[in-house]
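Read the numbers this way: they start at 1 and go in the same order the structure lists the ligands and their atoms.
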Amino acid sequence: MSSKAGKATEPGPDRRAALAQYRRRAGIYDLELALFEPIRRKAIAQLALQPGDVVLDVGCGTGLSLELLEQGIGPKGAIIGIEQSPEMIERARERVAQGRWSNVTLVCSPAETARIPGRHADAVLFHFTHDILRRPEAVAHVMRHLKPGARVVASGLKWAGGWTVGVNLLVLPAALHSVTSLAGLRAPWSGLAAFTGPLHVQTMLLGGVYVASARVAPHG
Ligand SMILES: C[S@@+](CC[C@H](N)C(=O)[O-])C[C@H]1O[C@@H](n2cnc3c(N)ncnc32)[C@H](O)[C@@H]1O
């Protein structure tokens, strides 16, 4: 595909490929993510959850974030996990049953069309969900279910720049393993900006990983 200017553009996310990718990975996913757990902790800390909050976990996968989210919101809060892969969400269901968390609702659906129950949310997490962030319709749909001022956190892989560009030799295989589109990997959070106030972006692992946080703009 090429743009008007004749510059090559990268294709966007591919649902069929993503479903196949996570059908294959579901059984070993938790093990594969073990190295990245400190980033999950950092991302969830940025959500600044309060007891009683409603939080959306978009592309919740096997539910690896659920325990930390539970700790933040307590029994009076609620978590809505949205995930399109039946194999991934099945593991999240097992996790919920094991934790006996009665305040978690799991929705098996593409984020862009998910029926999101309950009141508008106080916070949303997009953790390692690049394919979702690259779907403007998914981001817009999720954002419509947030309160003005809600906290938004996105985290994941990104291209490193400057003198750390060599890090991309590690980012590339990791990204190819977990997303179906490399488009926008320079600033994966960019699609959120239309809905939020200023985004604060922290980078880690020599620029190969980011945590971006912001608040939904008053009329977002
Ligand atoms: C790398 S995993 C991240 C899972 C989880 N957030 C975590 O932190 O472990 C990306 C997840 O996004 C899901 N996904 C990709 N595109 C999606 C979409 N359009 N709607 C809902 N889920 C999607 C995949 O099925 C996969 O489970």
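Annotation: atom 19 (N) of ligand 1 to nearest protein heavy atom, Glu112 OE1, 3.2 Å. The shortest contact between atom 18 (C) of ligand 1 and any protein heavy atom is with Gln84 OE1, 3.4 Å. Looking at atom 9 (O) of ligand 1, its nearest protein heavy atom turns out to be Tyr29 OH, 2.7 Å. Nearest protein heavy-atom neighbour of atom 27 (O) of ligand 1: Glu83 OE1, 2.7 Å. Considering only non-hydrogen protein atoms, atom 20 (N) of ligand 1 sits nearest to Ala111 N, 2.8 Å. For atom 10 (C) of ligand 1, the closest non-hydrogen atom of the protein is Phe128 O, 3.4 Å.
In this structure, Leu146 and Ala150 approach most closely via the heavy-atom pair CB-CB, 3.9 Å. For Thr105 against Pro117, the heavy-atom pair with the smallest separation is CG2-CG, 4.0 Å. Minimum heavy-atom separation, Ala160 to Val165: O-CG2, 4.1 Å.
The atoms of ligand 1 that sit less than 4.0 Å from any heavy atom of Met88 are 27 (O). The contact set between ligand 1 and Ser85, taken as ligand atoms under 4.0 Å from a residue heavy atom, comprises 25 (O). Taking every heavy atom of Ser109 and a limit of under 4.0 angstrom, the matching atoms of ligand 1 come to 21 (C). Atoms of ligand 1 found under 4.0 Å from any heavy atom of Arg40, numbered from 1 in the order shown, are 7 (C), 8 (O), 9 (O).
Take Ala45 and apply the side chain to side chain contact (heavy atoms under 4.5 Å, CB included) test, not counting sequence neighbours, and it matches no residue.
Around atom 4 (C) of ligand 1, the closest heavy atom drawn from Pro13, Gly59, Ala138 belongs to Gly59.
At least one heavy atom of Cys60 sits closer than 4.0 Å to an atom of ligand 1.
Sorted by first and then second residue, the salt bridge (Lys or Arg N to Asp or Glu O under 4.0 Å) pairs involving residues 67-88 (not counting sequence neighbours) are Arg23-Glu87.
By the 4.0 Å N-to-carboxylate-O rule, Asp30 lies too far from Arg91 to be salt-bridged with it.
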